[in-house]
Amino acid sequence: MEICVIGAGYVGLTSSVIFARLGHKVNCVDKDADKIKKLQEGSVTIFEPGLEKLLVSFNRNMSFSTNIEKAIEKAEVILIAVGTPPLPDGEADLQYVNEVIQTIASLIYSHKTIITKSTVPIGTNDKLVQMLLDLEVKRERFNVVSNPEFLREGSAVFDMLHPDKIVVGLEENDKESLFTMKQLYYGIDAPFIVTSLKGAEMIKYASNSFLATKISFMNEMARICDTFNVDIMDIAEAIGTDPRIGSHFLKAGIGYGGSCFPKDLKSLIHTAQKHDLVPKLLMATEEVNQTQVDIYMDKLTSHIPNLSNKNCTVLGLSFKPNTDDTRSSPAIKLINKLVEQGANVHSYDPKAIYEQKNVIQHHHVMDAIKEADCVIITTDWNEFLHLDWKKIKKNMRGNLILDARNLLNKITIEKHGLRYVGVGR
Ligand SMILES: NC(=O)c1ccc[n+]([C@@H]2O[C@H](COP(=O)([O-])OP(=O)(O)OC[C@H]3O[C@@H](n4cnc5c(N)ncnc54)[C@H](O)[C@@H]3O)[C@@H](O)[C@H]2O)c1
Ligand SMILES: O=c1ccn([C@@H]2O[C@H](COP(=O)(O)OP(=O)(O)O[C@H]3O[C@H](CO)[C@@H](O)[C@H](O)[C@H]3O)[C@@H](O)[C@H]2O)c(=O)[nH]1
């Protein structure tokens, strides 16, 4: 199949590479000329394990360009993977999706299956159908399909190759697109969940909202555990054995971040409120998450009451390990609070970069730790599990290790004469 993927971000680029691997001819377009230039030169613009290797291996099936007209003209299938960031009131900003539809409408001369991979609010795909009709695209020339994406950053390639399901939302009378979708994903072993356009949109929001709620639930449990000196890790292990609860997404910590959970929660809350509903549970999930960083600031100031001119080392900038993405990263939120309180902030991350004039980012952990009054683990990178705590103790000025991800072994840390403070333990 000839596919045009619009948007070369996390989802667009990963989808392009996977569909090229499945044997399709993919033309990935983006309006960001710098991004496209780098991709044409064979370098991947994001850090995503395994992506570059696949890009090189299946290069023959892929091309990158900024020329959307040409890519659309040749394609049977158009996949929209542009961003849907939040507006200040939480509503998803659909300007990029709408812009793409306007462009597509002027270029449809043969039948196109238009697939929305971007996460869009309930009812958006129906509106896109109407937009195309209003722009005088003949009804028989297109079908719109909602095909939300469930990949996680840091394991995007694996997740796309081994999804637990492929959700396909179809227009009411669409008898063709399911076949097209099966051809598109031919070679991937996963059940198809077929529903309406709105159903597919809702599945995506419900999925992210449920996962985010699980995290906030555990963060709330951790707050209670803290009060009673109970270890939240024991609680997670025990309740996780119950298959009705499940062992995933039970890690208490500094809160969830990233480009999806915070934005999708806000968007679903906005959608519900627009329809006179009060989504209490979603609002509580958000509130727990938003106040989670403050818990760590309080823990820190209970040990170091005045942070002014104290050397605080933040280990981890990305919102989770195995990605260089810092969008809505709790680490950045914490850094900004430290800076506000006058601390000298030093940081280190294996992949992510955060440029801020008040923060010194180091290339080596040990440089970041030198003379530190406290070290805060903000991202659970594997690398931090193997740090030389004896050397760290020698190089620090103070002795406080604040493990905001419950990554480290308390006993190991304390054995080296350091003071360990974790989450709900
Ligand atoms: N990042 C994830 O892990 C993830 C997972 C599942 C779903 N999603 C959803 O997928 C969508 C994309 O997310 P992302 O993280 O890949 O976004 P991103 O910001 O990384 O990439 C979006 C790309 O679209 C390009 N773009 C915008 N308008 C364009 C236009 N008119 N023509 C061509 N290119 C255009 C931008 O230049 C950018 O490169 C969002 O709706 C997101 O919610 C993301
Ligand atoms: O037990 C846990 C699990 C995760 N997190 C945090 O939650 C955030 C999100 O993590 P994760 O879901 O692994 O990463 P994303 O790449 O944001 O993926 C989510 O968002 C994507 C975009 O919609 C969806 O496609 C994925 O299915 C969904 O997991 C990160 O800050 C994690 O540190 C926790 O605090 N505790």
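Scope of the values below: all heavy atoms of this structure, side chains included, with no hydrogens, waters or symmetry mates. Order of listing sets the numbers, starting from 1, for every ligand and every atom in it. Worth saying up front: this structure is predicted, and the values here are computed from it rather than measured.
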Go through ligand 1 atom by atom and flag the ones less than 4.0 Å from a non-hydrogen atom of [X].
X    : value
A81  : 12 (C), 22 (C)
E153 : 1 (N), 2 (C), 3 (O)
S259 : 1 (N)
T84  : 40 (C), 41 (O), 43 (O)
K35  : 38 (C), 39 (O)
V100 : 30 (C), 31 (N)
I6   : 32 (N), 33 (C)
G83  : 22 (C)

* Asked: So with a 6.0 Å cut-off around CZ of F192, is the heavy-atom count from everything else above 12?
  -> yes

* To do: Please state whether the rings of F47 and W381 are parallel, tilted or perpendicular, taking 30° and 60° as the class boundaries.
  => tilted

Checking contacts here: is it the side chain or the backbone of [X] that comes within 4.0 Å of ligand 1, counting heavy atoms only? Could be both or neither.
X    : result
K31  : both
C260 : side chain
L13  : neither
Q102 : neither
D30  : both

Identify the protein heavy atom lying closest to [atom], giving its residue, its atom name and the separation to 0.1 Å.
atom                    : answer
atom 21 (O) of ligand 1 : G9 CA, 3.2 Å
atom 9 (C) of ligand 1  : T119 OG1, 3.5 Å
atom 19 (O) of ligand 1 : R327 NH1, 3.5 Å
atom 14 (P) of ligand 1 : Y10 N, 4.0 Å
atom 6 (C) of ligand 1  : E149 O, 3.3 Å

Side-chain heavy-atom pair [X], [Y] within 4.5 angstrom cut-off:
X    : Y    : answer
L13  : L51  : yes
E383 : K351 : no
V288 : R223 : yes
S63  : N27  : yes
L317 : I335 : yes
V29  : C4   : yes
D34  : T45  : no
K74  : K25  : no

* To do: Starting from the C-alpha separation in whole Å, work towards a yes-or-no answer on side chain to side chain donor-acceptor pair (under 3.5 Å) for H346 and D367.
  => CA-CA 9 Å; H346 294 258; D367 294 341; over 6 Å; no

Given [options], which has its nearest heavy atom closest to [atom]?
atom                    : options             : result
atom 16 (O) of ligand 1 : V11, V120, V5       : V11
atom 31 (N) of ligand 1 : Q95, E99, E48, K117 : E99
atom 11 (C) of ligand 1 : N208, T66, V82      : V82

* Asked: Which atom names give the shortest non-hydrogen contact between A252 and I232, and what distance separates them?
  -> CB-CG1, 4.1 Å

* **Sole candidate of D380, L407, I377 that passes side-chain contact (heavy atoms from CB on, under 4.5 Å) when paired with L385** => L407

* Would you confirm whether E48, through its side chain, and G154, through its main-chain N or O, come within 3.5 Å as a donor-acceptor pair? => yes

* Asked: Non-hydrogen atoms of K263 versus ligand 1: any pair closer than 4.0 Å?
  -> yes

* Structure fact -> Only one of D234, D226, D231 passes salt bridge (Lys or Arg N to Asp or Glu O under 4.0 Å) with R425, and that residue is D231

* Tell me, which residues have any heavy atom less than 4.0 Å from some atom of ligand 2? -> E149, F150, L151, R152, E153, K204, N208, I215, F249, L250, K251, Y256, G257, C260, F261, D264, F319, K320, R405

* Indicate yes or no: does K204 engage D264 in a salt bridge with an N to O separation below 4.0 Å. => no

* **R152 NZ/CZ over F150 ring centroid, <6.0 Å and within 45° of normal** => no

